[in-house]
Every structure is written in structure tokens, then in C-alpha cells.
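Encoded as C-alpha cells, the structure appears first; notes follow it.
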Amino acid sequence: MKLHLLSAVIAASSFVGTSSAISILMGNDDGFGSAQIREFYRLLKASGHQVLIVAPADNESGQGGRSVFTNNKTLAVNSEYNLVPAGAPSLGRDPIDPDIWYYNGTPAACTYVALDHVIPLYYGNRSIDLYVGGPNFGTNLGNFLYTLAGTMGGTYAAIGRNVPGVAFSGGNSEQRSYTWINKTTASGLPDPATIQAQLATTLVNQLVNATQPHKRIMPLGYGLNVNTPFITSLTNDSCVNPPFIQTRMGGGGTTDLAVYNATTGLFHYENLITDGNNICINGNCALPGETPIVDNGCFASVSVFTIDYDAPLGPAQHGIRTALQPLVAYENPAAKMMLKERKRLRDILSVRPEYEVNE
Ligand SMILES: *[C@@H]1O[C@H](CO)[C@@H](O)[C@H](O)[C@H]1NC(C)=O
Ligand SMILES: *[C@@H]1O[C@H](CO)[C@@H](O)[C@H](O)[C@H]1NC(C)=O
Ligand SMILES: *[C@@H]1O[C@H](CO)[C@@H](O)[C@H](O)[C@H]1NC(C)=O
Ligand SMILES: *[C@@H]1O[C@H](CO)[C@@H](O)[C@H](O)[C@H]1NC(C)=O
Ligand SMILES: *[C@@H]1O[C@H](CO)[C@@H](O)[C@H](O)[C@H]1NC(C)=O
Ligand SMILES: *[C@@H]1O[C@H](CO)[C@@H](O)[C@H](O)[C@H]1NC(C)=O
Ligand SMILES: *[C@@H]1O[C@H](CO)[C@@H](O)[C@H](O)[C@H]1NC(C)=O
């Protein structure tokens, strides 16, 4: 076990000074001062990659894909862990490391601010090969968490902007600052935050290693959701080196049940497993669901997703579309006329190739 971990750490440094190093944008929802993103940043840099963080000024957990930009030019309160004081600009650099930026917005907003402002203005418009989110404090498992988790939101925001993305989340859910990383632990192994970051770095380096130089790390629209279990190194070595397993997002995943308390008049949520939240429509239905893999053992799950939400072709889609007719036509007549007109124009103009019809 320990040997494997060690070899992963060694492998993690093998891109230094090679052409395989890539350009990475990092984000999260726990905030720019979190232990896990800082350890991940440190190890990706140690691997030789060019790395930049643009992450929320504060905890933005549970924001999903919301894109919220602040209306205040300055921070109304101190950033998380008091790293930056109230009154500082709403977008700025970490006081110690200039390649770590905070922005007072949601994870998705941070992705856009990075791509549209920080990188063009301060990094010579450097092109980004990969976005990585997290590792989040706490797992993000299943279809329900996909839209709820800020770690996912920052990631699919990047994918929507043509940047391949990987969301990392880990079972250690205690949110803490990068100034609290235990150098030594009861198990003699690194802090859980460090091990979570090593696992994430190993996965990134595997992807990079499998990609030809100057080729996309994943095709347009694709991303990965990676979840790692609770790492026990603070107390023992029973789960310090989980193997990665190919999974799918659905399967054994939970959604919310609203539970009413008549005494307080309030609701809280409990976990509910339903068929609707776990049905396999897309993807490889033979793969295990990521939720039971990570929740029931010392395993890490790797699910491949796309941000194309359209239903696949087949009798189900056909049946639904048929039920909508004639109210919902396949093509609205105006659009159809426009297409005809375009074709007519193209036919005319085809004898005069210097003209182009823009579609
Ligand atoms: C990349 O792949 C080569 C060949 O399979 C292997 O020797 C090397 O250790 C890998 N490097 C990383 C960082 O995974
Ligand atoms: C971060 O925000 C989430 C969602 O609002 C909350 O559950 C969590 O306790 C917060 N964490 C901290 C450290 O404030
Ligand atoms: C904006 O931030 C300043 C401190 O920088 C604070 O005094 C002010 O109340 C904030 N405004 C709003 C609308 O939050
Ligand atoms: C930055 O690069 C993108 C594409 O790589 C390009 O569309 C954009 O115009 C560039 N912006 C600046 C400020 O150079
Ligand atoms: C880890 O470090 C923190 C802060 O330095 C300390 O309070 C805590 O007791 C340490 N925990 C372990 C298990 O070593
Ligand atoms: C190892 O530590 C974890 C908590 O980190 C605990 O739940 C588990 O029981 C411990 N296992 C052993 C074998 O002591
Ligand atoms: C409802 O809330 C009250 C007050 O917090 C608590 O004492 C009680 O246990 C709750 N009831 C249930 C069924 O959870």
C-alpha cells in the first residue's frame, strides 16, 4: 500500500522539464484558502505543469452551476480564514502566491472570470489545457449532486467553454485552511488533504500521459467526475491508497426526501434512493454506480460525463415527440421557409463562388 503511494508521488514529478507539461486552471467551491486545493496546486506544480487558481473568496458550497458575480467592487467582509481583509478588491491575488487568485463569486463565475479576465489580462492569454475542480471537502456522488455541487458547477462551466474538466471530491468533509496540514500523522503518512491531492495529481498525470502533445485531453463536451473515499491517515492506514474504479454517475445514488418536523414547523432533508435518479439511459449500464463504490469501501470512482443533456435517439424519445404532435411541429413553418430561402440563395450564388452565405 505504502509502496504504491510512494510510486504515485514519484510518478507525479515526472513531467518536470518535459514537453508533456500542460497548462491547468484550478477552481473549487470551498474557497481559495482550502487545504485540499492548495495541496493539489503544490503537487501539480511539482509535476512540472503551469498552474493557476481562480477560486471563490469564501465557502461557496452547494452553488451548483449558478453564475453569480458580485455587485461590490470590494470585499464586504474578510475572505475565508482572514487571508484577505474586508475592503480589498473583490478580485485579487493571494497575498503570498501571485498565481492564486480569489474572486467573490460562485465557482462557475470564478471559471468565467478566470477565462475572460484574469488569463487574458495577466497571463498573456495563455491557453488552458485542463480545468480541475477541488478536491472538494466531501464527496459529490450521483446525478443529484451533479447539479447541486459547486465543484461540479465550476467544472461544467469550463467544459461549456471548450476546456476539458475534471471534478475531484473526497470523503474527508472537514473544511480547513491550508495553514492546517499535518506534516506527521498517527499513521506516519501525510495529511489526508495531501493524500487527496496526490490521488488527484496521479489521475491528472495519467490523463496527460495518455494524450499526444498539443491534442485535447478530452473531446469537446466531455468531463470526469472523480470521487475518493475518506482517507484515514490521521488515525491509521486502513484507507490511504484507494484504487480507481471505472464507474457511471447513476446507480445507487441518492436524491432528497423532505422531512417535516411538526414541532419546529421546519423541513430537513434525508437521503432517498429512487429509480428515477438512477436509471441508466446514457453510458455503459454494466458499470457500477459511483455512489456504492465510494460509500462502501476504500475505492475511488471515475465517471465520464458529457454536458449534452439531450435524450438519446430511440423509441423513448420518438414516443415523447410523437405525443407532442401536432401541437409541436418538427420544424416551425417560419424556420422551414427560411431554410428554403437560404437554399434558393445558395443555388443562385453557387454560380458566383465569390459570395458566401452565412448560416
Ligand atoms: C507515462 O507512461 C509511461 C509509459 O507507459 C510510463 O513509463 C510513465 O511512468 C508514465 N508517467 C506518468 C506520469 O504516469
Ligand atoms: C459551507 O457552505 C455549506 C453550504 O452552505 C455549509 O453546509 C458548510 O457548513 C459551510 N462550511 C463552512 C466551513 O462554513
Ligand atoms: C461593499 O463592501 C464594503 C467594504 O469593502 C462595505 O462597507 C459595504 O457595505 C459593501 N456593500 C454591500 C452592498 O455589500
Ligand atoms: C485570447 O485567445 C482567444 C482564443 O485563444 C481569442 O479568441 C481572444 O481574442 C484572445 N484575447 C486576447 C485579449 O488576445
Ligand atoms: C493536525 O494539526 C492541527 C493544527 O496544527 C492540530 O491542531 C491537530 O491536533 C493535528 N492533528 C493530528 C491528528 O495530528
Ligand atoms: C482507522 O481509522 C478510522 C477513522 O479514521 C476508523 O473509522 C477505523 O475504525 C480505523 N481502523 C482501524 C483498523 O483501526
Ligand atoms: C423535531 O424538532 C424538535 C426540536 O428541535 C426535536 O426535539 C425533535 O426531536 C424533532 N422531531 C423529530 C421527529 O425529528
Side-chain angles (χ1 to χ4, degrees), residues 1-5 31-36 39 55-60 63 66-95 101-106 109-110 113 117 135-139 141 169-176 180-200 227-243 254 256-272 291-301:
M1 247 185 202
K2 285 176 193 173
L3 259 177
H4 277 136
L5 195 70
F32 78 114
S34 305
Q36 293 193 163
E39 285 298 84
D58 270 301
N59 174 24
E60 295 278 353
Q63 294 281 16
R66 292 183 76 207
S67 179
V68 182
F69 302 98
T70 181
N71 287 323
N72 203 337
K73 273 183 78 170
T74 52
L75 298 180
V77 295
N78 290 356
S79 80
E80 74 175 350
Y81 312 124
N82 302 314
L83 295 174
V84 178
S90 286
L91 170 69
R93 299 180 193 252
D94 175 78
W101 292 68
Y102 67 86
Y103 173 64
N104 191 14
T106 55
C110 286
V113 166
H117 187 85
N136 188 59
F137 288 110
T139 54
L141 295 160
S169 306
N172 302 72
S173 52
E174 181 193 33
Q175 282 180 327
R176 52 186 164 92
W180 176 350
I181 293 166
N182 301 69
K183 294 275 186 291
T184 56
T185 64
S187 66
L189 289 165
D191 189 278
T194 307
I195 295 181
Q196 293 287 6
Q198 285 170 342
L199 290 164
N227 278 271
T228 46
F230 182 88
I231 297 298
T232 60
S233 61
L234 281 182
T235 48
N236 60 52
D237 67 359
S238 68
C239 184
V240 292
N241 192 21
T254 60
D256 274 5
L257 176 74
V259 180
Y260 184 62
N261 183 323
T263 313
T264 59
L266 299 173
F267 293 92
H268 69 273
Y269 82 88
E270 283 176 16
N271 288 330
L272 182 68
T291 309
I293 285 293
V294 177
D295 280 351
N296 299 327
C298 185
F299 298 105
S301 64

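Counting starts at 1 for both ligands and their atoms, in listed order. Numbers here simply count residues along the sequence, with the first being 1. The shown structure was predicted, so the numbers you read here are calculated from the model rather than taken from an experiment.
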Please tell me if the side chains of Leu91 and Trp101 come closer than 4.5 Å, counting only heavy atoms from C-beta onward. yes
Distance col, row Phe32:CZ vs Asp58:CG, nearest 0.5 angstrom, shows 8.5 Å
Polar contacts were defined as any N/O atom of the residue lying under 3.5 Å from an N/O atom of the ligand; does this apply to Asn261 and ligand 7? yes
Do Thr139 and Thr291 have side chains that get closer than 4.5 Å, going by heavy atoms? no
Is the closest N or O pair between Thr232 and ligand 6 shorter than 3.5 Å? no
Counting from 1 in the order shown, the ligand 6 atoms closer than 4.0 Å to a non-hydrogen atom of Phe230 are 5 (O)
So among Ser79, Pro89, Pro56, which one has a side-chain contact (heavy atoms from CB on, under 4.5 Å) with Tyr102? Pro89
Please could you name the atoms of ligand 7 that Thr264 approaches to less than 4.0 Å, counting only its heavy atoms? 2 (O), 4 (C), 5 (O)
Is Thr232 close to Ser187 at the side-chain level, that is, under 4.5 Å between some pair of heavy atoms? no
CD/Gln198 to CD/Glu39 distance, rounded to the nearest 0.5 angstrom? 8.5 Å
What pair of heavy atoms forms the shortest contact from Thr235 to Ala186, and how long is it? O-CB, 3.6 Å
Scan side-chain atoms only and decide if Thr228 and Gln196 contain a donor-acceptor pair under the 3.5 Å cut-off. yes
Contact residues of ligand 3, where a non-hydrogen atom lies under 4.0 Å away: Asn72, Thr74, Leu75, Ala76, Gly87
